[in-house]
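Just follow the structure's listing: the first ligand is 1, and inside any ligand the first atom is 1. Worth knowing before you read on, the calculation uses all heavy atoms, side chains too, and leaves out hydrogens, waters and symmetry mates.
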Amino acid sequence: MNEEKNPRKQYAVYIVICLVLLMVFNAIVMPKLTQAAVRDTDYSFFLDSLEEGNVKKVQIEDSEITFTVEEDGKEQAYSTVRIDDPDLVTRLHESGDVEFTGRLREQSPLRDFLLGWIIPIVGMFMLWNLLFKGLGKRMGGLGNAMSFGKSNAKIYVKAQTGKTFADVAGQDEAKEALAEIVDFLHNPDKYAEIGADLPKGALLVGPPGTGKTLLAQAVAGEAEVPFFSISGSEFVEMFVGMGAAKVRDLFSQATQKAPCIVFIDEIDTIGKKRDGQVGGNDEREQTLNQLLTEMDGFDGKKGVVILAATNRPESLDPALLRPGRFDRRIPVELPDLAGREAVLKVHAKKVKLTDNIDFNAIARATAGASGAELANIVNEAALRAVRSGRSAVNQSDLEESVEVVIAGYQRKNAVISQKEKEIIAYHEVGHALVAAMQKDSAPVHKITIIPRTSGALGYTMQVDEDEKFLMSREEALGKIATLTGGRSAEELVFNTCTTGASNDIEKATKLARAMVTRYGMSSKFDMVALETVNNQYLGGDTSLACSPETAAKIDEEVSSIVRNAHAKAVQILTDNLGKLHEIARFLLERETITGEEFMAILRREPALTI
Ligand code: ADP
Ligand code: ZN
């Protein structure tokens, strides 16, 4: 990525600084230097010298008297403040051979002009810039001194982005939608001849890390056109009007370089709905208005295509989405099983691998991971290989790094008492057993009680055979039962409960709640939407859409679902208490066991001595 600095701008800064220094020197330092020989003194010294007859020449000005005194045969100039003294002239006259003159203050129109106008203006200008730059930096904007209202949109010229569609794994629908734009950028004339208007902009919508930026870069790479990239937050400035100026500047730069791609990341920061609140965000609204104007204004046939990315599409101003602006909306979703495998393979090309890597297994264990997380997994695996002194990445590196990305690094030297270790082991086996004893649960892949840096003291990993897109009511109930399995084991075996289940409780409640309020899975409410999801791509927090009375009933329903699931889990574990003990003992000994080992013990005939 090569960011071009603007050398002309920098020279302008130096020249202005030099000029200012020169002016200051001329106006302030020079006069001081020429007067250096004149000493300041007080009025009484002047009168004394006059009386003693030492004074030779006197020059009377408005507010100052300059006089020379003979001292040791040399003339020394003095100056003193003029005091209102009506007898002064008489006194001078009487003292004989004193030459005295009056003098009007020297008029220097140039100096007055400099002092009165130029220096204050230049000074204020510099101070303003300094402030602007400082604040701009702190607020995450890019502000170069003297770049008054100019944007510093980074210019990535084609050859260096070097990304193509081959670098983007999966996301076939998005690539297909963007291929047309690539074609348009290649030969705009073809479209112009027929009179077809291509979309001026396309909006890439999806969760963070799914490759939106990457796709935009790939479009520029495929079309071999320059790539302008700026983040929405860079438009948000301290002063009203600055953001708008940046937008204007960005578009003027882009039009000069057409055909090209302008990529605006996080467009929601400027494109939020204008709510018209009193004291609303003037700066943001002006910036948005400017963006709308520019998008309407420029000639789409020239070949400037604007791609924007967001993970909050619902908060965008409808004006942005109307035809002629971002009228294409391209979803960039989390990758599915095949997509994850493809992303892993694309990134694995950059590292050395041993033979027989099963990417499918890794992809299955990473349901819900984004492209960025998968890229990170491959890199973690490479780091792990280096750490253990091997020259290629193997399967276990990849498997371990999946866990690193999910749960953090192993805390090998964490000191956990034997008693607590036992509780943790029973807790995890509790989850695993409840999962295994229900037919709708995903198979257990791994159980471990090695603590992780994320704070997890142990966990049970379940991996589905295939990608699942739907969840049935039975599966949801089974999942809640599995989540309560850990606590149930603690209760059964130790007759107590610990804080270790807090995460399970949170997940179980969330799922039960969603069943009631969003999935229509409770007979009490039937298919009524009681909650709406706000941020689909960012955590998905919800807000209630029902009366307080209904809310109370929802709470009842949710707790009854969880309570039933808990009772079911306790029942399953009571029925399999022997296996619970057996597997927990095995886990305590090994610290980590695989799904196969777990199933082997489970299937084995009960030992005769219990
Ligand atoms: P977004 O802009 O959607 O937040 P990015 O495009 O910045 O995500 O993705 C971050 C990184 O994740 C990319 O640089 C790339 O390494 C990796 N990545 C994400 N999605 C993919 C994908 N589909 N194929 C290959 N790499 C991907
Ligand atoms: Zn648990």
Which of parallel (below 30°), tilted (30 to 60°) and perpendicular (above 60°) describes Tyr426 and His581?
perpendicular
Val182, Leu215, Val219, Ile330 screened by side chain to side chain contact (heavy atoms under 4.5 Å, CB included) with Lys175, the one that passes
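Among Val182, Leu215, Val219, Ile330, the one meeting side chain to side chain contact (heavy atoms under 4.5 Å, CB included) with Lys175 is Leu215.
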Can you find an N/O atom of [X] closer than 3.5 Å to an N/O atom of ligand 1?
X      : answer
Ala169 : yes
Gln171 : no
Leu214 : yes
Thr210 : yes
Val346 : no

Contact atoms of ligand 1, heavy-atom distance to [X] under 4.0 Å:
X      : result
Val168 : 23 (N), 24 (N)
Gly211 : 1 (P), 3 (O), 5 (P), 6 (O), 8 (O), 9 (O), 19 (C), 20 (N)
Asp167 : 24 (N), 25 (C)

Contact between Gly209 and ligand 1, counting heavy atoms under 4.0 Å?
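Under 4.0 Å: yes for Gly209.
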Just to check, does His347 reach to within less than 4.0 Å of ligand 1 when the distance is taken from its heavy atoms?
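Yes, His347 has a heavy atom closer than 4.0 Å to ligand 1.
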Can you name the N/O/S atom of His431 that is nearest the Zn ion (ligand 2)?
NE2
Once rounded to 10 degrees, what value does the angle at the Zn ion (ligand 2) take between OD1 (Asp504) and NE2 (His427)?
150°
Using 4.0 Å as the upper bound for N to carboxylate O, is an ion pair formed by Lys345 and Glu341?
yes
